[in-house]
Amino acid sequence: MRTPTRTPSVLGMTMTTTVDRSLRIGMVGYAFMGAAHSQAWRNAPSFFDLPLTPKMAAICGRNAEAASAVAGRFGWESVETDWHALLRRSDVDLIDICTPGDTHAEIAIAALEAGKHVLCEKPLANSVAEAEAMTGAAEKAAESGVRSMVGFTYRRVPAISLAQRLVAQGRIGTVRNVRAQYLQDWIVDPEAPLFWRLRREVAGSGALGDIGAHIIDLVQFITGENITGLSALTATFIKERPLPESTSGLTGTSGTEMGEVTVDDAAVFISKLSGGGLATFEATRFATGRKNAIRIEINGSEGSLAFDFEDMNLLHFYDNNDEPETAGFRRILVTESVHPYVAGWWPPGHLIGYEHGFTHQVVDLVEDIANNRNPRPSFADGLRVQRILDAVETSADNQSTWMEIPA
Ligand code: SOE
C-alpha cells in the first residue's frame, strides 16, 4: 500500500512522495497451519489498524497444483515450488514457515541471512542444536533490524493474555502450584495411518513437541517464571500403524503395509518453577473424547486462575481476599474492549475462536517490525522450550531421572 506524504519543497511547491507501507509475505507450506496463517494475514488489516499492510505475495509448496489451489482460495498473489526462490525475491520481506519441524532450521537460517523477517511455527526445531543455530542467526539478524518470532499462538488468546496480566499485577500472589494439560484424541484409532507427525525424522517428537510445547510455553508466559528442573515419563501406545500410502492406495500396495511409530503418544512430567512453585504437565493424543483441551490452573498465595481452551472465551479467577460469604471462582467472559485484542473484534459477548490467536500473532508481529522491536516469543524463547522438550525425553529415557534445566 502506498501512503502519499506531503514533502514541502524549497521552492514552496508541495511534492508528493509515496512511502511503501507494505509488508510482503512469502509463506512456505499450505496445509492446516498454512490455512490458519493465510486467514490471519488476510484478516488482520481488516480488523486492526496496522502500521504496515501485509501483502500475501507468494505461497510455496512442492506440489504446485495443491499450492495453487490454496493460493486461489486465500488470495496469495503468486506460487513458488522452491522456498529458495522466495529468498531471492525482492518483493518478499518476511518468510512465514508453516512446514513440519524437520525444515524449520534450514529455511529460517537461510531466510534470516537473506535479510528476511521470519515467523516460524512451533516447536522452533526438532533438536536443541537446531534451535541454538536458529537463535544465533536470529540474534545476529536482529542487529540489522531483521525480526523473528516463533508461533506459540495460544499466548494471544485474550483469556490467556489476561491471565498473564493478572499474574504480573500480583492478583494471585506467589505461584505455588500449576497444572497444565493439552488433551487430544485424534489417533486413538489404531487404524489411523502413520502421519508425518508420528515419524521422528519429520516431527522431532510426538505429543510432547506438538502440543506439550504449547503448555510449556504457556506456563512460562503466564507465570513469568522458568521451569528449572523436571522428571518425566513418555509412552507410545500404538507401536505400528498402516502407512498413509497403503491406506490411500496411491502406491498400489496391499493396504496392509505397516510402519513403526517412532515418537511418543503421551508425555507427563513434574517440574519446579523458578519462583519456587511446583508444576505438572500432561500432553497426550489419547485422551479419548478430548479434542483440543488446553487446561491450565495456577494456584497462588492470594488466588487462582483456571482456563480451558474448549471454552476459550472464559477465564476463571478466584480471589482469596474475597469475603468468605461470597467467595468463589469468578467466570470472566473475556470479551470486553478492555481485554487484550478484543477491541478489534465484536461487542461484549460475541465470542472469538481458534483462528483469532493467529490474527493477533500477525498484529503483534507487524507492530514489532514497524517499531523496530524484537518480537516475543523470540527464537530464544523457542530454544528454551526446546531444551525442556529435550530434558523430558532424556529423563523419560532414563526412567524419569531428575533433569536440571540451565538458566
Ligand atoms: C495438532 O496437534 C495441532 O494442529 C498442533 O500442531 C497445533 O499447534 C495446535 O494449535 C492444534 O493441534
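We count ligands from 1, going down the list as the structure has it; atoms in each ligand are counted the same way.
- Between W345 and H350, a ring centre-to-centre spacing not shorter than 6.0 Å is recorded.
- Residue-level proximity to ligand 1 for I211 is carried by the side chain, the only part with a heavy atom below 4.0 angstrom.
- The ligand atoms of ligand 1 that sit less than 4.0 angstrom from a heavy atom of Y354 are 9 (C), 10 (O), 11 (C).
- Ligand 1 lies less than 4.0 angstrom from a heavy atom belonging to K122.
- Contact check on D82 versus R62 returns no salt bridge, with no Lys/Arg side-chain nitrogen under 4.0 Å from an Asp/Glu carboxylate oxygen.
- Here the protein heavy atom with the shortest distance to atom 1 (C) of ligand 1 is D210 OD2, 3.2 Å.
- Against a heavy-atom cut-off of under 4.0 Å, H214 is close to the following atoms of ligand 1: 7 (C), 8 (O), 9 (C), 10 (O).
- For the pair T174 (side chain) and S301 (backbone), a donor-acceptor distance under 3.5 Å is absent.
- Between R330 and D322 there is a salt bridge, since at least one side-chain N of the basic residue sits less than 4.0 Å from a carboxylate O of the acidic one.
- Taking a 6.0 Å sphere around CZ of R73, one finds it holds 12 or fewer heavy atoms contributed by other residues, nucleotides or ligands.
- In this structure, the protein non-hydrogen atom closest to atom 10 (O) of ligand 1 is Y154 OH, 2.7 Å.
- M27 is listed as a side-chain neighbour of H37, based on a closest heavy-atom distance under 4.5 Å.
- Below 4.0 Å from some heavy atom of F32 lie the following atoms of ligand 1, by number and element: 4 (O).
- Taking a 4.0 Å cut-off on heavy atoms, R285 fails to register as neighbouring ligand 1.
- Judged by distance alone, the side chain of S395 and the main-chain N or O of A391 form no donor-acceptor pair under 3.5 Å.
- In this structure, Y182 is part of the shell of residues with a heavy atom less than 4.0 angstrom from ligand 1.
- By the criterion of a heavy-atom distance under 4.0 Å, the side chain of Q184, and not its backbone, is placed next to ligand 1.
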